[in-house]
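Side chains included, hydrogens not; waters and symmetry mates left out as well; all remaining heavy atoms used.
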Amino acid sequence: MQDPARTEPTPPAPRAREAILGIALSLGLGVGGGLLFAWATMPLPWMLGPMVANTLGAVFGLPLRSPGAARPYVVVVIGVMLGSGFTPALFEQAAAWALSLLFLGLYLVISGAVTIPFYRRVAGFDPVTAYFAGMPGGLNEMMVIGGEMGGDERKIVLAHASRILIVVALVAIWFRLIEGIALGDRSAFGTPFVEIPALDLAILAASGVIGFFLGTRLRLPAPTLLGPMSVSALVHLAGWTASPPPQELVLLAQLVLGTAIGCRFVGAGARAILTSLGLSACASLLMLIVTFAFAAAFHGLFGQSLLQVVLAYSPGGLAEMSLVALAMNADIAYVSTHHLVRITLVILFAPLVFTLIRPRRPSDADTPKMR
């Protein structure tokens, strides 16, 4: 009989092995895409490269798995990085942001009025799905709220994943190739690990850990980004450190973030992905036309450059657009504040507005009351 003490360790379950191999493949594609984009001096190569490479991998049906479980933790690094850009000089202009933030609400109304009918009439989505697919809010929030109200969660997710990918790529590439703003040499944000003093590393690590738990406990929107960003901003404003996070960690965070975005399309099927990308490209272009129109018309009134307003109003993801702003040496506080307000406004008011304008269904009609 076999000695129980000498039993061989149980090998990983087939599904666990598949998951590990799938994640390794997706990250490998991400590294390849990042190297290719860096070689081509494309903007944000270590985020856009993995995004594009894994989207293509999903189109071709590769057995990819998303490293999405790691996303909340690598976003902490991005949050600490963004917080390191806050300085007292930035807040001297904060009072001037009120008008820009006020117009942001008008921008959301116009964007929704343009994109929701597009998804309803051109894409053929049902009213609920069209509404929450066209709202420029957070992907997860729109999926959850739209699903609870009877929308097609898969179509909503694909619409928002496509929007984030397309908007981030188009805005970054536009300013790199059309406007001539060099971003490629800023892809490796931060300072090399060996050049950061040990005390500063400890302060940055504490900012990330404390911010992670505070953001989650306070239930902030995008808590693992905004919590660390807020704590990091405080310690940098207080002068406790002037260092950004290690360059190597920021690069890894971009790789995981871009890979996770591309992997959102896994399992959807090539036809569904391409259809979603095509529809979202049209919807995103409509939103960006509204964005550039607002920026061109009002940037002088806001006291901001055209670049700043475009970055602040573009309907991309909070973390992703903040990285684009960082690459362009823009005002991080201005841009991230506008994206936070945009997401918050959509989360608060989109469901309320929908309940007011939603067409009455036959089942909602008043029925005769029993006497």
Side-chain angles (χ1 to χ4, degrees), residues 43 90 93-119 122 130-139 141-142 159-160 162-181 183 221-222 279-350 353:
L90 291 178
Q93 303 178 1
W97 299 352
L99 192 60
S100 179
L101 291 169
L102 181 64
F103 273 72
L104 181 61
L106 178 61
Y107 163 80
L108 292 174
V109 172
I110 295 175
S111 291
V114 169
T115 54
I116 293 170
F118 170 82
Y119 277 117
V122 178
Y131 182 86
F132 288 99
M135 276 285 127
L139 182 151
E141 293 83 2
M142 292 300 96
H160 285 288
S162 301
R163 169 178 59 84
I164 292 171
L165 186 152
I166 290 168
V167 169
V168 172
L170 285 181
V171 170
I173 292 172
W174 171 273
F175 283 106
R176 169 67 176 87
L177 300 181
I178 307 300
E179 299 295 328
I181 298 177
L183 310 183
L279 291 171
S280 188
C282 296
S284 298
L285 284 174
L286 291 173
M287 287 186 185
L288 287 174
I289 288 171
V290 178
T291 299
F292 275 89
F294 264 74
F298 301 121
H299 74 276
L301 180 64
F302 299 161
Q304 300 288 336
S305 67
L306 178 70
L307 167 66
Q308 292 267 117
V309 179
V310 168
L311 292 175
Y313 275 50
S314 291
L318 172 59
E320 294 81 9
M321 291 308 302
S322 297
L323 275 174
V324 174
L326 189 63
M328 294 181 178
N329 201 25
D331 186 336
I332 298 299
Y334 176 81
V335 174
S336 60
T337 298
H338 279 69
H339 283 284
L340 173 60
V341 171
R342 169 178 61 84
I343 292 171
T344 303
L345 287 175
V346 172
I347 292 172
L348 290 177
F349 292 106
V353 171

Worksheet, complete the sentence: With sequence neighbours left out, the residues meeting ring pair (Phe, Tyr, Trp, His ring centres under 6.0 Å) with Y107 are F294, Y313

Practice prompt. For atom CZ of F103, decide whether the heavy atoms of other residues, nucleotides or ligands shown that lie under 6.0 angstrom number more than 12.
Written response: yes

Treating [X] as the side-chain partner and [Y] as the backbone partner, does any N or O pair qualify as donor plus acceptor under 3.5 Å?
X	Y	value
R163	P315	yes
Y131	A350	yes
H299	L307	no

Min side-chain heavy-atom separation [X]-[Y] under 4.5 Å:
X	Y	result
L288	I166	no
R342	L108	yes
Q304	F298	no
S280	Y119	yes

Which heavy-atom pair separates [X] from [Y] by the least distance, and what is that distance?
X	Y	result
W97	D331	CZ2-OD2, 4.1 Å
H338	L104	O-CD2, 3.3 Å
I116	G134	CG1-CA, 4.2 Å
S314	M321	CB-CE, 3.8 Å
V346	P136	CG2-O, 3.9 Å
L99	L301	CD2-CG, 3.5 Å

Worksheet item: CD1 of I110 to CG of L286: how many Å apart, nearest 0.5 Å?
Response: 13.0 Å

Discussion item. Can you tell me how far apart CD1 (I164) and OG (S284) are? Round to the nearest 0.5 Å.
Written reply: 9.5 Å

Item to complete: Start with the C-alpha distance between Y334 and V309, add both sets of side-chain angles, then the distance that settles side chain to side chain contact (heavy atoms under 4.5 Å, CB included), and finish with yes or no.
Response: CA-CA 9 Å; Y334 176 81; V309 179; 3.8 Å; yes

